[in-house]
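Since the model is a prediction, treat every value here as computed from it, not as a measurement. Values reported hereafter were calculated over all heavy atoms of this structure, with side chains retained and with hydrogens, waters and symmetry mates removed. Reminder, nothing fancy here: chain letters follow the sequence lines and each chain counts from 1.
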Amino acid sequence: MAINDLYTDGIASGWDVRDASTFTAPLTLEADVVIIGTGAGGGTTAEILSAAGLKVLMLEEGPLKTSANFKDMNEGRAYAELYQEATGRATSDGAIAILQGRAVGGTTTVNWTSSFRTPPETLKHWAEVHGVKDWSAEASKPWFDNRTERLGIAPWAAPPNANNAVLQRACEKLGWEHHVIPRNVRGCWNSGYCGYGCPVNAKQSMLVSTIPEALKAKATLVHHLSVRQLKFTGDQVSSLEAVAMDKDCIQASGVAVTVRAKHFVLAGGAINNPALLLRSKAPDPHGRVGKRTFLHPVVLTYAVMPEAIDGWYGAPQSVASDHFQWQGDFSKSPGFKLEVPPINPVLTAALFGRIGGELADGLANMKNLNAMLALVRDGFHDQSQGGEVKIDQVGNPILDYEVTDYLFAGFKQALLRMTEAQFAAGATRVTPAHLDGVWATSWAQARPQIEALAYQKFRLAIATAHIMGGCAMGEDARQSVAHSDGSHHQVGNLSIIDGSLFPTSIGANPQLSIYALAARNATALAQRLKPAAA
Amino acid sequence: MNQRTAPAAALHRRDFLKLSVGGAALLSAGAFTATLAGCAKQEAAASGYRFLRPADLQLFAALAPAVLGATLPVDGRPAHIESVLKGVDATAARLLLPAQTELYKLFDLLNGGLTRRLTTGVSKPWAEADSAQVEAFLLRWQTSSIGLFNAGYRALIKFITGAWVGTEAGLKAAGYPGPYKPMFDTVNAV
């Protein structure tokens, strides 16, 4: 049974998909709505606006890579082709590694499928502290239901793989809250290759769901196209200037593309949206663009288990714990969600931080390795106001993110709890992902070590796969960039529809939070634009 | 600044810590660093590479055996090291300019004779470097209390370990049995 490639078939049937790297002369494109970025926000928006009869143009800086390209199931190929800066992206000081997608479908093409609704605590906080309107637990529920149905989201029905079972067993032993993770999959093979692009189109990423539907509804997709600047006339965007990328999607080819549209939607994510607004010198009277950028900074511990884990196979994430997420005193340290990452060999080795004999030992034991991670909930405290996206002299994004003592206190708590969990699940030895981490053979031995570690950038390994905020939503223009419906505070025909709207982090993997908010906002936008477009 | 001629291996740890402070100042002073390193930044990438320059290749070829230790097979080692260099280059070439600029600063610091001796204690150019000195340098940057050295250490070893494990031999060293067979066979069936 060969797997049909949606795009090969679709393009043959007349989908309008263009590769800008093949452009040889400048051109101008027109549409009712142009959407910049094809990830969770852009893909969702494209389907809804196209279905409403609007002429939609999707622009994507990354390449179009489809199931046919994913057949090698090769990690190195995936990182080079499908991730921002080939997974080498980091905060400006290099202290936090950033995993973010860059391809048609954005991060949804490469994420690990975890699909959580925005926690009610987060929604309440947004309404009370950040002036977010009409997005309470009650108001958002129909939209979460809608996306859950659309993308096949359901708690993972198969047993967890051995890597996730470690977390499940630990929570059972320690009496910690834990739950099965809902995943956006249909016909999933339980193979574990989500991070490299799904070779069987089971993951309901934007690549295989909303974007094909938009293309069927006569939308146009141009990939290998980097948007450089929005042009303004008065308080309206009049056009945008873009430049084609070369075939490998590394350098600009130099071919310029101009796009005119009635309405412009930013959906390039929490780093690229603010950078585009800053490059374009978009109105920003209160200096809010790029502020409050959140990461769910992640810290890790590694355990060697007595049993084979083979953490490279099986649904990557199927068990999570919120035991330390919402209950407790968060005045001194933030809450966090516990999960496991898949043991993707390249990623695991690259983050391991060990060399020589210690690296050899780590690689030799990778088959038995369990890694645990904590997503730290940033943005809910005075000492956690997030990072800031800036641009360099030529307009490249730079993300500054200060790690405060408050966050370090959370990292310490997380390392302690994860280590405790791994020993409770029967680990032979455990070490924190820290330059001074040594393998401990019992919880009693590990605890004082973790208490005494130097909590400093670079010594402690920190990573993120969830970049949020930077174009915060809210009804107070002094505190935010856009209204709660995504419409820009100062620019009439500009909307922001993706995770860059979040005024804090989520407290859970964010993709479904983006889908639901985007579906609500895109539906409202379609209603608003329809008469004008008719 | 005095040229140091004593072999770094003879330096005591306390001496190195003193030097480290000077080294950190160099790392943070970009222009100064570039000057000391002879403006290598202007140099083109090595033939067959997009980002790494000839001196950077020598640097990584010297670092790779120290970083990878016994996971790097002795048989066919030059070819394995070349695939690591290719992997490092492929990732570095895809970085945006701000990160590339920082990397070149780091490489320039390590490739300049004076700055190399001062910050790493490695007395000879990378192509002739003593492996014990290379290992001692990595350990010093790992354990240094100066964040910039820790940052440099993390960057260098992340590139090397990621590139290595991305190769077929590296995946084998990690015990990876290969792509999940039932799916691989199906999607690759003709």
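- Comparing B/Gly69, B/Gly87, B/Pro98, B/Pro182 by heavy-atom pairs within less than 4.5 Å of chain A, the highest count is held by B/Pro98.
- Heavy atoms closer than 4.5 Å to chain A are found in both the backbone and the side chain of B/Pro177.
- Both the backbone and the side chain of B/Leu68 come within contact range of chain A, each with at least one heavy atom under 4.5 Å from a heavy atom of that chain.
- Pairs engaging residues 112-131 of chain B under the ring pair (Phe, Tyr, Trp, His ring centres under 6.0 Å) rule: B/Trp126-B/Phe137 [sequence neighbours left out].
- Taking A/Gly76, A/Ala349, A/Ala360 one by one and counting their heavy-atom pairs under 4.5 Å with chain B, the maximum is reached by A/Ala349.
- For A/Leu435, the parts lying near chain B are the backbone and the side chain together; criterion is any non-hydrogen pair under 4.5 Å.
- Residue A/Arg77 does not touch chain B at all, counting heavy-atom pairs closer than 4.5 Å.
- Side-chain polar atoms of A/Ser92 and A/Asp400 form a donor-acceptor pair below 3.5 angstrom.
- A centroid separation of 6.0 Å or more is found between the aromatic rings of B/Trp141 and B/Tyr153.
- Among B/Thr161, B/Ile160, B/Leu72, the residue making the largest number of heavy-atom pairs under 4.5 Å with chain A is B/Thr161.
- When each of B/Gly147, B/Ala99, B/Ala163 is scored by its heavy-atom pairs under 4.5 Å with chain A, the top score falls to B/Gly147.
- Only the backbone of A/Asp72 has a heavy atom closer than 4.5 Å to any heavy atom of chain B.
- Of the residues considered (A/Gly88, A/Pro345, A/Gly362, A/Ala68), A/Pro345 shows the highest number of contacts with chain B, using heavy-atom pairs under 4.5 Å.
- In this structure, the ring of A/Tyr302 has its center less than 6.0 angstrom from the ring center of A/Phe352.
- Contact of A/Ala461 with chain B is made through backbone and side chain together, with heavy-atom distances under 4.5 Å.
- Residue A/Phe70 does not touch chain B at all, counting heavy-atom pairs closer than 4.5 Å.
- Applying the side-chain contact (heavy atoms from CB on, under 4.5 Å) rule to A/Thr87 yields the partners A/Tyr79, A/Tyr83, A/Leu99; only residues at least two apart in sequence or on another chain are considered.
- Residues A/Thr293 and A/Glu388 bring no donor and acceptor atom of their side chains to less than 3.5 Å of each other.
- Of the listed residues (B/Lys158, B/Arg50, B/Gln142, B/Arg94), the one with the most heavy-atom contacts under 4.5 Å to chain A is B/Arg94.
- Taking 4.0 Å as the cut-off between side-chain N and carboxylate O, B/Asp108 and B/Lys105 do not count as a salt-bridged pair.
- Ring geometry for B/Tyr104 versus B/Phe51: interplanar angle under 30°, hence parallel rather than tilted (30 to 60°).
- Chain A forms more heavy-atom pairs under 4.5 Å with one residue of B/Thr71, B/Leu95, B/Thr91 than with any other, namely B/Leu95.
- Chain A forms more heavy-atom pairs under 4.5 Å with one residue of B/Ala66, B/Ala151, B/Ala70, B/Gly175 than with any other, namely B/Ala151.
- Although no hydrogens or angles enter the test, the distance criterion places a donor-acceptor pair under 3.5 Å between the side chain of B/Thr115 and the main chain of B/Leu109.
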